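These values consider heavy atoms only, across backbone and side chains, with no hydrogens, waters or symmetry-generated copies. Keep in mind it's a predicted model, so treat the numbers as computed, not measured.
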Amino acid sequence: MVTASPCRRRWGSAPLFPLLLLLALGLSGCSTIGRPRELPPDFRMLPAEAGRLQEFAAAGAATLEPEESGLLLLPGNRDALDWRLAMVDNARESIDAQYFLWDDDYTGRLMLKRLLWAADRGVQVRILVDDIFLTHSDRSIAALTNHPNMDIRIFNPNPSRRTRAGSVFRFMLEFRRLNRRMHNKLFIADGLVAITGGRNIGDNYFGVSPDYNFRDLDVLVVGPVVDDMAQSFDDYWNSPYAFPGQKLHRRGTEEYLERVRERLEDDIARDPRRMVFPAEVSSWDHLLYYAPRDLVPGRVRFVADHPVERQNREVVRSLTDLLNGNEGSVQEILIITPYFIPDQGVLEIFHQLEQDQVDVRLLVPSLASINHTAVHSHYRPHRETLLEKGVELFEYHHLPEGTGRLYADTAPFRADFISMHLKAVVSGQRKTYVGSLNFDPRAMRINTENGLIIDSRRFNEELRAIVEPMCGEDQAWTVHLNPEGRGLIWTSFEGERRSPPARGPVQRTGEFLARFLPIANQL
């Protein structure tokens, strides 16, 4: 136990760090859950040999070559949740879900309720979620693990979590460990059908938030690559960073599990979003029967960073190869990322692409359409450099016309503005990347990420048809150097302007102040 020094010193002369340490330990005290530790190995079940999802996967595989996987783009927020619910409602053996965020809102609760029902009928459900923005109560999570067919683990939890002050101080004291977050997104049902991409679980990602909805993208896949995705989930699930949810709260009992059920039922029944995404289980025939014919064949590689080894940056390495390994075969590359703060390595790649006479188009959010204003403040200084290197620069509009609203808002809900969260790279006529990685220091050096590297001319064409209109004047601002002198010019369907589009003076002030914070390497 740490005790106070017997020396008589005034507080003003005491060293700051020991005082903070004492305060942190005092605030956390007996509320610690302990550090993450290695658990007995627990591996995925074998792929289902029967059921609707097996039939769906088999129908899709019938049109593929042995080394190919089948791909289905999910650009619309409604389709993205419908497909997840269809997988839950039709799973017979197993469901594995891995997410950075799982919000305690309507769609987050709806997904939990449906997963509980799947567990009730014998499906083995495993949920792995990052701890940093966890909004579900520790007691509820612990209670859910009392279900014999449901298990939840938390990635890299803060041990001191009973008070906000204790949590903050513990984060400061163990900054290097707790600063590393699991940004992966992965959803697998019956070991046969998987979804990965940019979406987490929450109302913003599925188009039913009144504040803002994301323009995002996922890919549904069947075929041999799903086995690699399932292996990646096992790697994270069995890593020493995965903490058992049952240990989060000592009063997360079986009795409390029934209260969690009742609360989920009551909250969903009262929410107007139930008109769009109902709580009742469905057969989803309109998806599972017709979709196999829409699956696009491709050679697909799933890439994911190692859950423990920090120097294993598999996703960054694979994307670097995708951007650099073209050997003159690629004339243009389109990069879409919601958070862009280039380091020297990214700028060198852009310089090499310029030398190779590759046209580069970059789509990022405008200040008005970003949900993290501080990121934009540290992207801002790079605009002129990018334009001088010949990059075509586009910033997504917060009130897009055309398909922008169609994909982001789920009718009848209409958000105050649209925020861009899509992460993709389109390289030439064949290669693409869709996944979780942003082009910022946190994604490239700190967090773990995942995604798909896809070689398919047809998939490339379908993705282009979705993302290229996002650079049009009805959905984005085109950013130019001012030919008359210093400064930039933004043009869109609204006309021309000489200052960055923003949602109002409060956001402009926040963006201005954030420029002075030395946090770029943490964003």
Output a table of donor-acceptor pairs, distance under 3.5 Å, between side-chain atoms of residues 219-226 and any protein atom two or more places apart or on a different chain; print 'none' if there are none.
none

Between [X] and [Y] (side chain of the first, backbone of the second, donor and acceptor by atom type, cut-off under 3.5 Å), is there such a pair?
X    : Y    : result
D89  : S282 : yes
H378 : A514 : yes
S366 : S369 : yes
R181 : F155 : yes
H372 : A374 : no
D343 : G345 : yes
H480 : N482 : no
R180 : P307 : yes
N156 : R177 : yes
D190 : L53  : no

Full working for salt bridge (Lys or Arg N to Asp or Glu O under 4.0 Å) between E461 and R458
CA-CA 5 Å; E461 292 173 353; R458 184 176 156 194; over 6 Å; no
Have [X] and [Y] got a donor and an acceptor in their side chains that come within less than 3.5 Å?
X    : Y    : result
N200 : W102 : no
Q231 : D235 : yes
W490 : E496 : no
Q475 : T403 : yes
N179 : Q522 : yes
D130 : Y99  : no
E494 : H397 : yes
T410 : N77  : no
R464 : N460 : yes
N204 : S209 : yes

Return the minimal non-hydrogen interatomic distance between [X] and [Y], and the atom names on each side.
X    : Y    : result
V308 : S239 : CG2-CB, 4.2 Å
P75  : Y407 : CG-CE2, 3.6 Å
G60  : L295 : CA-CD1, 3.6 Å
T107 : I201 : O-CG2, 4.2 Å
V330 : V358 : O-CG2, 3.5 Å
L192 : A48  : CD1-O, 3.4 Å

Looking at [X] and [Y], does any basic side-chain N land under 4.0 Å from a carboxylate oxygen?
X    : Y    : value
R44  : D96  : no
E314 : R301 : yes
R126 : D234 : yes
K185 : D216 : no
R52  : D285 : yes
E332 : R361 : yes

Any chance [atom1] of [X] has more than 12 other-residue heavy atoms, nucleotides or ligands included, within less than 6.0 Å?
X    : atom1 : answer
R498 : CZ    : yes
E49  : CD    : no
R445 : CZ    : no
Q355 : CD    : yes

When rounded to the nearest 0.5 angstrom, what distance separates [atom1] in [X] from [atom2] in [Y]?
X    : Y    : atom1 : atom2 : value
D321 : Y433 : CG    : OH    : 13.5 Å
H421 : I370 : NE2   : CD1   : 10.0 Å
E449 : F100 : CD    : CZ    : 9.0 Å
L387 : L481 : CG    : CG    : 4.5 Å
L71  : F459 : CG    : CZ    : 5.5 Å
T320 : E348 : OG1   : CD    : 11.0 Å

Heavy-atom check, side chain of [X] versus side chain of [Y], under 4.5 Å:
X    : Y    : result
K423 : I336 : no
R442 : Y339 : no
L85  : M111 : yes
V364 : P338 : no
V479 : I489 : no
M420 : L363 : yes

For Y236 and N450, run side-chain contact (heavy atoms from CB on, under 4.5 Å): C-alpha distance rounded to whole Å, both residues' side-chain angles, the deciding distance at 0.1 Å, then the answer.
CA-CA 12 Å; Y236 278 81; N450 67 3; over 6 Å; no
Pair [X] and [Y], ring centroids less than 6.0 Å apart:
X    : Y    : result
F340 : H382 : no
Y396 : F394 : no
H376 : Y379 : yes

Assess whether side chain to side chain donor-acceptor pair (under 3.5 Å) is satisfied between N312 and D305, documenting all intermediate values.
CA-CA 6 Å; N312 185 322; D305 295 327; over 6 Å; no
Enumerate the ring-ring contact (aromatic ring centres under 6.0 Å, His included) contacts for residues 498-523, please, sequence neighbours excluded, ordered by first and then second residue.
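Matches after skipping sequence neighbours: F512-F516.
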By the ring-ring contact (aromatic ring centres under 6.0 Å, His included) test, which pairs, at least two apart or in different chains, include something from residues 75-94?
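Qualifying pairs: F56-W83.
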Please assess E384 against R486 for the test salt bridge (Lys or Arg N to Asp or Glu O under 4.0 Å), listing each intermediate value before the final yes or no.
CA-CA 10 Å; E384 286 85 352; R486 297 182 63 183; over 6 Å; no
Under 6.0 Å from the six-membered ring centre of F206 and within 45° of its axis: does the NZ or CZ of R199 meet both?
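Checked: cation-pi criterion not met.
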After noting the C-alpha distance and the side-chain angles of R405 and E401, does the key distance pass the salt bridge (Lys or Arg N to Asp or Glu O under 4.0 Å) rule?
CA-CA 6 Å; R405 282 281 185 180; E401 297 185 341; over 6 Å; no
